[in-house]
Amino acid sequence: MTDPKTPSKETPASAPAGDRIAKVIARAGRASRREAERLIEAGRVSVNGKVITSPALNVTGKDTVTVDGVLLEAPDEARLWLYHKPTGLVTTHKDEKGRATIFDELPEELPRVMSVGRLDLNSEGLLLLTNDGGVKRKLELPSTGWLRKYRVRVNGRPQDTTLEPLRKGIEVEGTRFQPMEVVLDRQQGANAWLTVGLREGKNREIRRAMADIGLTVNRLIRVSYGPFQLGQLKQGEVQEVRRKVMRDQLGLDGAKPEKPAPKRRRKPK
């Protein structure tokens with residue numbers, strides 16, 4: 001970035017030029033958007049040599065941005081990874097209860113990444129990771145409407161009719177859940193296996209919905225997120241999505257085809 005005298009001004013049409021400063025910092029992989037806003041409010045970000053304390057500022061490639069005195073580099077190319085999250089890890093960078101997080105266990109060679117949505121402590125399976133805030137938001141948008149599929153084990157002997165309320169959509173403690181795709185796969189002793197598909201991701205949605213119809217979830221595995229599949233990825237493994245797939249599925253411009261990245265697993269400490 002070059003260094004004009006002042007931060008970017010509005011265009012003659014009064015539309016702000018460039019992107020919000022927090023978004024630019026997130027795109028560069030220095031922090032998440034929310035973290036970037038906190039850095040700004042703490043006076044740790046400068047634009048063209050001037051400390052700023054409000055994120056209500058747009059910058060362009062002509063502006064010089066520093067975070068803690070370190071020049072903000074041009075953003076890395078957007079990338080996406082598949083991760084098989086094990087149970088027992090929370091999907092957050094820091095946990096107030098001191099529990100282990102997925103970011104404690106990821107391969108050390110990964111750049112700084114963000115999770116696309118979350119899986120709770122006792123859930124496992126496919127979690128998408130990206131180094132790009134724009135990709136994260138695009139994947140999480142409700143308007144995307146991508147189907148997320150889960151293999152769900154419940155305690156009980158449900159009949160197909162038992163599951164019908166879930167297919168129609170139910171309300172649990174004031175929260176409305178949209179209709180789910182639910183298939184009863186098989187009974188296995190005292191438990192039954194179901195395949196559940198949904199297009200939204202409200203907090204503990206499947207567990208709460210199942211409890212409302214008298215079933216207790218004792219295992220939950222996400223097997224797909226839109227076109228992205230868990231496949232044979234083992235617990236703890238990470239695999240990068242090819243650029244061509246990102247371009248085709250997310251409409252990213254300029255993505256270059258490349259060889260698939262090998263599966264990687266963090267070495268035991």
Side-chain angles (χ1 to χ4, degrees), residues 26 31-35 37-38 80-106 113-130 133-156 158 162-183 191-226 228-230 235:
S32 71
R33 196 162 182 172
R34 288 184 179 178
E35 290 168 347
E37 290 175 351
R38 288 194 286 268
L80 185 68
W81 291 264
L82 311 178
Y83 170 56
H84 188 157
K85 176 196 173 295
T87 58
L89 299 177
V90 294
T91 312
T92 181
H93 280 277
K94 293 181 180 180
D95 181 63
E96 59 184 16
K97 297 180 180 179
R99 295 171 296 185
T101 80
I102 64 166
F103 300 100
D104 296 327
E105 302 299 325
L106 292 176
V113 294
M114 300 163 277
S115 67
V116 176
R118 295 187 176 189
L119 285 175
D120 65 36
L121 179 72
N122 296 315
S123 297
E124 57 191 291
L126 181 64
L127 188 65
L128 300 180
L129 307 172
T130 181
V135 170
K136 171 180 167 69
R137 287 189 295 279
K138 188 168 188 176
L139 285 164
E140 291 177 342
L141 279 174
S143 59
T144 303
W146 272 343
L147 185 68
R148 304 155 198 190
K149 285 192 174 182
Y150 301 79
R151 293 277 289 138
V152 182
R153 188 178 67 190
V154 297
N155 183 252
T162 309
L163 309 171
E164 195 58 29
L166 305 182
R167 301 183 180 119
K168 295 179 179 180
I170 62 174
E171 184 172 311
V172 180
E173 296 178 344
T175 300
R176 182 70 183 176
F177 294 143
Q178 297 300 314
M180 302 177 184
E181 297 181 9
V182 189
V183 176
N191 297 312
W193 278 99
L194 316 172
T195 297
V196 179
L198 49 84
R199 297 183 185 276
E200 60 180 358
K202 292 179 180 175
N203 185 40
R204 298 174 60 82
E205 181 170 352
I206 293 176
R207 296 178 189 277
R208 294 166 63 194
M210 291 294 172
D212 194 66
I213 61 171
L215 299 173
T216 301
V217 173
N218 52 38
R219 192 172 183 190
L220 190 151
I221 311 165
R222 183 154 66 192
V223 295
S224 67
Y225 191 112
F228 304 107
Q229 306 289 322
L230 180 64
Q235 285 196 4

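Predicted, not measured: the structure shown is a model, and the values here were computed from it.
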Flag side-chain contact, heavy atom, 4.5 Å: Glu140 against Val116: yes
For Ile102 against Thr91, the heavy-atom pair lying closest together: CD1-CG2, 3.9 Å
Closest non-hydrogen atom pair between Glu205 and Glu200, with its separation: OE2-OE2, 2.9 Å
Sub-4.5 Å side-chain heavy-atom contact between Asn203 and Thr175: no
Sidechain-backbone polar pair: Tyr150 side chain, Ile206 backbone, donor-acceptor under 3.5 Å: no
Heavy-atom pair with the smallest gap, counting every atom of Gly197 and Leu147: C-CD1, 3.7 Å
pair Arg33-Arg137: side-chain heavy atoms closer than 4.5 Å: yes
Side-chain (Arg176) to main-chain (Gly169) donor-acceptor, under 3.5 angstrom: yes
Ionic contact status for Arg34 with Glu37, cut-off 4.0 Å: no
Check: Val90 and Lys97 side chains under 4.5 Å, non-hydrogen atoms: no
Exercise: identify the closest heavy-atom pair between Gly117 and Leu127: O-CD1, 4.1 Å
Donor-acceptor pair, side chain of Lys85 and main chain of Asp120, under 3.5 angstrom: yes
Arg222 side chain to Gly125 backbone, donor-acceptor under 3.5 Å: no
pair Glu181-Leu198: side-chain heavy atoms closer than 4.5 Å: no
Heavy-atom side-chain contact between Leu215 and Leu163 under 4.5 Å: yes
Whether Phe103 and His93 hold their rings parallel, tilted or perpendicular, with breakpoints at 30° and 60°: parallel
Within 6.0 angstrom of Glu96 CD, more than 12 heavy atoms from elsewhere: no
Nearest-0.5 Å distance, CG of residue Leu126 to CZ of residue Phe228: 9.0 Å
Under 3.5 Å side-chain donor-acceptor pair for Arg207 and Ser123: yes
Arg151 side-chain N/O to Trp193 backbone N/O, donor-acceptor pair under 3.5 Å: no
